[in-house]
Structure formats: structure tokens, C-alpha cells
Amino acid sequence: MNDFYKDIYELVKLIPNGRVTSYGAIAIALGKPKGARLVGYAMNLCDKTLPAHRVVNRNGWLTGKMHFAHPDEMAERLRAEGIVVVNDQIQDFKTHFWDPSAELGSM
DNA sequence: CTGATGACGTGTG
DNA sequence: ACACACGCCATCA
């Protein structure tokens with residue numbers, strides 16, 4: 001486990017409830033603007049303890065829902081947090097978007 | 001070690 | 001604006 005993945009986990013863990021972010025945003029926050037794929041890969045290795053359901057692609061689509069124990073769980077979890085998910089897509093993604101780099105800057 | 005793939009993103013046509 | 005192609009970095013075969 002490299003610090004890179006650990007950092008990803010830490011960042012995803014501190015995503016506020018009812019907020020979502022993108023792989024690219026996390027990658028950028030970690031200093032790897034092109035590491036979006038690595039973030040997704042890290043999610044694949046991640047435990048269900050990690051709120052990976054709050055992490056979606058740039059389009060706001062639940063691209064990784066199929067990788068969950070129960071694909072619908074991702075949308076259900078987001079919906080439970082107040083996120084509107086339709087057709088595997090987050091509505092008002094920009095409104096619910098959470099910028100990790102901004103939070104890291106505040107911290 | 002080389003080739004291919006992936007929960008992505010950006011650039012060009 | 002939409003469609004196609006390439007790049008990135010790490011892991012798997």
C-alpha cells in the first residue's frame with residue numbers, strides 16, 4: 001500500500017455527507033492530475049468501509065456501481081444522503097460536487 | 001520484461 | 001457540441 005493509495009482513502013473517507021466528488025478531482029488533490037485512473041483502481045482495491053459511492057466520474061455517472069457488492073447500493077446510498085440519482089447519473093452533480101483540493105487547502 | 005486493461009480526463013476533428 | 005483517439009500510472013496476464 002503506497003502512501004498514494006492511503007492518501008486517496010483518507011481523502012475519500014473525509015468526504016462530507018451528501019457531497020460527491022470525481023476521480024480526477026481526487027487525483028489532482030493528490031498531485032496527480034492524470035492519476036484519475038489510479039484513483040478508480042484504488043477504489044477497486046478498497047473495502048466497502050470506504051464511501052466510494054461518493055466518488056463518480058467527471059460526468060457524474062455512477063460508473064463504478066457495478067463493482068459494488070450490490071450495484072444498486074451505490075445509487076441507494078447516494079439517494080439516502082440526499083443525492084438524486086437517475087439513470088445511474090447524479091442530478092445537480094455540480095451542486096453536490098465537493099472539491100477535495102479546496103478542503104485540503106483549508107486544512 | 002512486454003503487452004493489454006481500467007471505477008478517467010483532456011484534446012483534436 | 002458530439003464523436004473518436006490518445007495519454008497517464010499502476011496492476012494483471
Side-chain angles (χ1 to χ4, degrees):
Chain A
M1 186 69 68
N2 293 330
D3 293 318
F4 178 60
Y5 283 163
K6 185 176 68 63
D7 206 4
I8 294 175
Y9 296 139
E10 292 297 293
L11 190 63
V12 176
K13 283 180 186 174
L14 51 88
I15 296 177
N17 186 291
R19 280 298 206 293
V20 289
T21 188
S22 62
Y23 304 98
I26 297 173
I28 293 169
L30 271 53
K32 290 187 179 291
K34 311 279 95 172
R37 318 188 78 156
L38 309 184
V39 178
Y41 218 97
M43 298 294 97
N44 195 349
L45 306 174
C46 96
D47 296 309
K48 54 269 190 212
T49 58
L50 194 81
H53 60 275
R54 294 181 185 159
V55 186
V56 295
N57 67 344
R58 241 337 198 132
N59 292 317
W61 291 327
L62 282 52
T63 49
K65 61 170 292 182
M66 49 192 293
H67 297 281
F68 279 71
H70 299 286
D72 294 326
E73 184 175 311
M74 187 172 186
E76 288 297 298
R77 256 180 154 181
L78 290 170
R79 193 175 297 171
E81 296 186 1
I83 309 297
V84 182
V85 180
V86 179
N87 194 336
D88 299 336
Q89 184 179 193
I90 296 178
Q91 304 305 298
D92 298 300
F93 175 63
K94 294 176 60 180
T95 305
H96 294 296
F97 184 75
W98 178 75
D99 188 354
S101 59
E103 292 299 317
L104 291 175
S106 298
M107 293 173 69

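Lettering follows sequence order; numbering is per chain, from 1. Predicted model only: the values in this text are computed from it and were never measured.
- Nucleotides B:dA4 and C:dC6 are separated by 15 Å at their C1' atoms, to the nearest Å.
- In this structure, A:Lys32 places its NZ atom 7 Å from C1' of C:dC9, rounding to the nearest Å.
- Here A:Asn57 lies in heavy-atom contact (under 4.0 Å) with sugar-phosphate atoms only.
- Counting any heavy atom pair closer than 4.0 Å across all strands shown, A:Gly35 reaches no nucleic acid atom.
- A:Arg37 has its CZ atom 14 Å from the P atom of B:dA4, to the nearest Å.
- Counting only N and O atoms by type, the side chains of A:His70 and A:Glu76 include no donor and acceptor under 3.5 Å apart.
- Rounded to a whole Å, the NZ atom of A:Lys34 is 9 Å from the P atom of C:dC9.
- Atom CG of A:Leu62 is separated from atom P of B:dC8 by 11 Å (rounded to the nearest Å).
- You'll find that the side chain of A:Leu38 is closest to C:dA10, out of B:dG9, B:dT10, C:dA10.
- Atom CZ of A:Phe4 is separated from atom P of C:dT11 by 10 Å (rounded to the nearest Å).
- Nucleic acid contact for A:Arg58: sugar-phosphate only, since backbone atoms but no base atoms lie under 4.0 Å from a heavy atom of the residue.
- The CG atom of A:Asp88 sits 14 Å away from the P atom of B:dA7 (whole-angstrom rounding).
- Atom CG in A:Leu45 sits about 12 Å away from atom P in B:dA7, given to the nearest Å.
- Residue A:Tyr41 is the one, among A:Tyr41 and A:Asn59, whose nearest nucleotide of DNA chain B lies closer to the 5' end (criterion: closest heavy atom).
- Contact check of residues 67-79 of chain A against DNA chain B (heavy atom, cut-off under 4.0 Å) returns A:His67, A:Phe68.
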